[in-house]
Amino acid sequence: EYARTASTPTRVLGFDQSLIWVCVALLAWGLVMVYSASIALPDNPRFARYTPGYFVTRHAVWIVLSFAAALLAFQVRMSWWEVAAPWLFVATLALLIAVLIPHSGEVRNGARRWISCAPTNLHPAELAKLVRTAILRAVRDILARDIGEVKAMLAEIGQVFIVGNTAMLALLGGRGADTLLDPANWQGAIDCQPHDVTPWRAKGALPCAELVMPDPVAGFVGSDLVADLLATGLTEGPAGALLLDIGTNTEIALWDGATLHVTSVAGGPAFEGSGIRHGMAAEPGAIDSVCSVENHYRWRTIGGGAPQGFCGSGLVDAIALLLADGRLKPSGRFASPPGPDGYPLDPNHPNTAITGPDIDAFQRAKAATAAAMSQLLIQAGMTWRELRRLCVCGAFGCTLHLGHAQAIGLLPAVHPGLIELHAEAALAGCEQALLSPGGVQCFDALTAKTKTINLSLLPGYEDRYIEHLRLRPIALTPTTGQRP
């Protein structure tokens with residue numbers, strides 16, 4: 001129960017005492033079990049240096065620390081958790097990858113699943129479960145905030161389609177994360193299907209819904225790419241159709257008339273504003289567009305108002321304009337060092353400044369994407385000039401300036417009429433599947449046409465990556481595909 005007045009903050013009037021006593025009883029029982037299991041351990045020479053009460057004392061300390069952490073988390077507003085959820089997801093994914101790094105991940109009983117963090121060990125998979133729960137709760141809270149009470153509406157939903165990149169699906173389904181972290185599995189399908197969907201229905205208040213989660217294509221190529229393909233109808237047209245879903249994990253598909261050559265690259269978070277000093281997601285206050293007027297830079301923010309930082313499309317515009325004006329060299333270095341605070345597009349707004357490390361992060365992201373496109377063309381035996389269609393999907397492409405993206409080498413310099421921007425392609429693909437009698441069979445049919453390319457196994461990819469690091473248009477003439 002809660003009470004709110006105009007003069008005092010929200011205060012809790014009551015707790016579920018039954019639930020509290022159940023938790024207390026379980027904690028007490030756990031203490032008894034730990035003490036019972038460890039009291040005789042010092043008799044073993046391996047544990048001779050420990051006292052009989054060492055393990056139970058350590059367990060009690062962690063209970064106290066956990067209780068303090070829970071109280072701290074309880075003081076944070078839900079709105080903050082909603083904003084922090086994407087960053088928590090990125091941090092969790094980074095920890096899962098860190099497990100594989102030598103001298104970082106630890107092997108216990110034949111499984112490399114822990115990270116040494118004195119005085120204890122961190123198990124990233126457990127954190128991933130918390131993030132998954134937070135994501136589900138955030139979705140429910142957002143629905144309740146935007147359209148009011150939704151229980152009655154949710155109870156009438158008959159089917160729910162869930163697509164995403166493989167890492168996201170592994171976190172949500174609680175399955176497949178360990179398989180995904182092994183490079184040997186990156187060219188095969190990753191099973192992310194949850195063992196039991198009943199808890200999903202309960203948490204999401206979807207008692208009657210059939211939860212459909214199409215399998216990822218392979219490795220880090222997720223089912224969101226298949227939804228993009230379905231929405232754009234890429235395979236329904238002639239050969240030479242290329243699709244990009246640009247983000248932290250950029251997924252790419254090339255249709256050669258018979259096969260969908262697909263791959264993914266770690267484009268880096270620069271496209272989504274992360275890793276940039278004044279970077280942010282595409283939300284109110286983000287600079288999403290920049291232009292030059294009478295030798296002055298003019299910016300536009302989402303929702304209007306003062307700029308808070310750059311989202312991906314705004315960063316593309318800013319870099320392209322700085323390059324065109326000679327303030328940036330094709331190498332990515334500033335013609336004149338701007339100082340530690342970077343180069344401000346508007347001196348009155350320090351959040352419009354761009355630094356050298358920002359340029360470097362963007363260069364690495366765009367080089368990975370351009371090199372991957374070039375490599376797919378070679379694998380398909382095609383050239384840049386054979387492209388007849390280029391679909392750019394995702395929120396990044398919503399306000400993307402095509403000329404600027406081509407000038408710095410993010411997109412090939414094909415005729416603008418061949419380029420299509422699909423801001424909500426994955427959502428549109430799910431909508432088509434829901435309205436189609438076939439449903440998930442639409443995803444299966446497209447997945448059957450794919451051929452996954454693991455770029456890490458192709459020695460020429462690194463050379464192409466280095467070639468595309470410079471800020472310049474993609475050269476269309478040298479690339480002549482040769483089928484391997």
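Quick caveat, the model's predicted, so the values are computed rather than measured.
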Taking it one step at a time, do V265 and L455 satisfy side-chain contact (heavy atoms from CB on, under 4.5 Å)?
CA-CA 8 Å; V265 291; L455 297 174; 3.3 Å; yes

Check: T352 and H278 side chains under 4.5 Å, non-hydrogen atoms:
no

Using side-chain heavy atoms (C-beta onward) and a distance below 4.5 Å, is R472 in contact with I408?
no

L243 side, atom CG; E420 side, atom CD - distance, nearest 0.5 Å:
9.5 Å

Could you walk me through whether T250 and D245 satisfy the side-chain contact (heavy atoms from CB on, under 4.5 Å) test, starting with their C-alpha distance in whole Å, then the side-chain angles of each, then the deciding distance to 0.1 Å, before giving a yes or no?
CA-CA 6 Å; T250 297; D245 191 334; over 6 Å; no

Considering residues at least two apart in sequence or located in another chain, which fulfil the side chain to side chain contact (heavy atoms under 4.5 Å, CB included) criterion with R333?
S331

Taking the side chain from N165 and the backbone from A167, do they hold a donor-acceptor pair closer than 3.5 Å?
yes

So, E251 side chain and I246 main chain: donor-acceptor pair closer than 3.5 Å or not?
no

Distance-only polar pair, side chains of H401 and D317, donor-acceptor under 3.5 Å
no

If you measure from CD on Q308 to CD on E283, what distance do you get to the nearest 0.5 Å?
9.5 Å

Which heavy-atom pair separates P216 from L169 by the least distance, and what is that distance?
CG-CD1, 3.8 Å

Minimum heavy-atom distance N351-F310, with the two atoms named:
O-CE1, 3.8 Å

Sidechain-backbone polar pair: N249 side chain, F220 backbone, donor-acceptor under 3.5 Å:
yes

Would a distance-only check, ignoring hydrogens and angles, find a side-chain to backbone donor-acceptor pair under 3.5 Å from E386 to T383?
yes

Taking every non-hydrogen atom, the tightest pair across S223 and F443:
O-CE2, 3.8 Å

Pairwise side-chain contact, L254 with L387, heavy-atom cut-off 4.5 Å (strictly under):
yes

For L476 and A413, the nearest pair of non-hydrogen atoms, with its separation, is CD1-O, 3.5 Å

Could you report the tightest heavy-atom contact between P307 and W299, atom names first, then the distance?
CD-CH2, 3.4 Å

Does a sphere of radius 6.0 Å around CD in Q159 hold more than 12 heavy atoms from other residues, nucleotides or ligands, not counting ones at 6.0 Å or beyond?
yes

Sidechain-backbone polar pair: R464 side chain, G460 backbone, donor-acceptor under 3.5 Å
yes

Quick one: does any side-chain atom of T259 pair with a main-chain N or O of W255 as donor and acceptor, under 3.5 Å?
no

Side-chain donor or acceptor of D360 paired with backbone N/O of P357 under 3.5 Å:
no

Side-chain contact, heavy-atom cut-off 4.5 Å: V217 with T166?
no

Taking the side chain as every heavy atom from C-beta outward, state whether D256 and M382 have any atom pair closer than 4.5 Å.
yes

Is the closest side-chain heavy-atom distance between M373 and L242 below 4.5 Å?
yes

Side chains of H422 and E424: donor-acceptor distance under 3.5 Å anywhere?
no

I want to check something: taking the side chain as every heavy atom from C-beta on, are R389 and I419 in contact at a cut-off of under 4.5 Å?
no

Is there a side chain to side chain donor-acceptor pair (under 3.5 Å) between D358 and Y343 once you walk through the steps?
CA-CA 11 Å; D358 295 341; Y343 183 91; over 6 Å; no

Between the CD1 atom in I190 and the CG atom in D215, the distance rounded to the nearest 0.5 Å is 10.0 Å

Does F271 reach the side chain of K366, with side-chain heavy atoms less than 4.5 Å apart?
yes

Here the gap from L458 atom CG to I378 atom CD1, rounded to the nearest 0.5 Å, amounts to 9.5 Å

Carefully, step by step, assess T235 and L260 under the rule side-chain contact (heavy atoms from CB on, under 4.5 Å).
CA-CA 8 Å; T235 61; L260 275 166; 3.5 Å; yes

For L411 and L244, what are the C-alpha separation, side-chain angles and deciding distance, and is it a side-chain contact (heavy atoms from CB on, under 4.5 Å)?
CA-CA 10 Å; L411 297 180; L244 302 176; 3.6 Å; yes

So CD1 of I474 and OG1 of T369: to nearest 0.5 Å the spacing works out to 9.5 Å

Rounded to the nearest 0.5 Å, what's the gap from CD1 on I287 to OG1 on T301? Could you check?
7.5 Å

For A368 and Y461, work out which heavy atoms get closest and say how close.
O-OH, 3.2 Å

Tell me whether W186 contacts the main-chain N or O of L180 through its side chain, where contact means a donor paired with an acceptor under 3.5 Å.
yes

Kindly say whether R385 contributes a backbone atom to a donor-acceptor pair with the side chain of R388 at under 3.5 angstrom?
yes

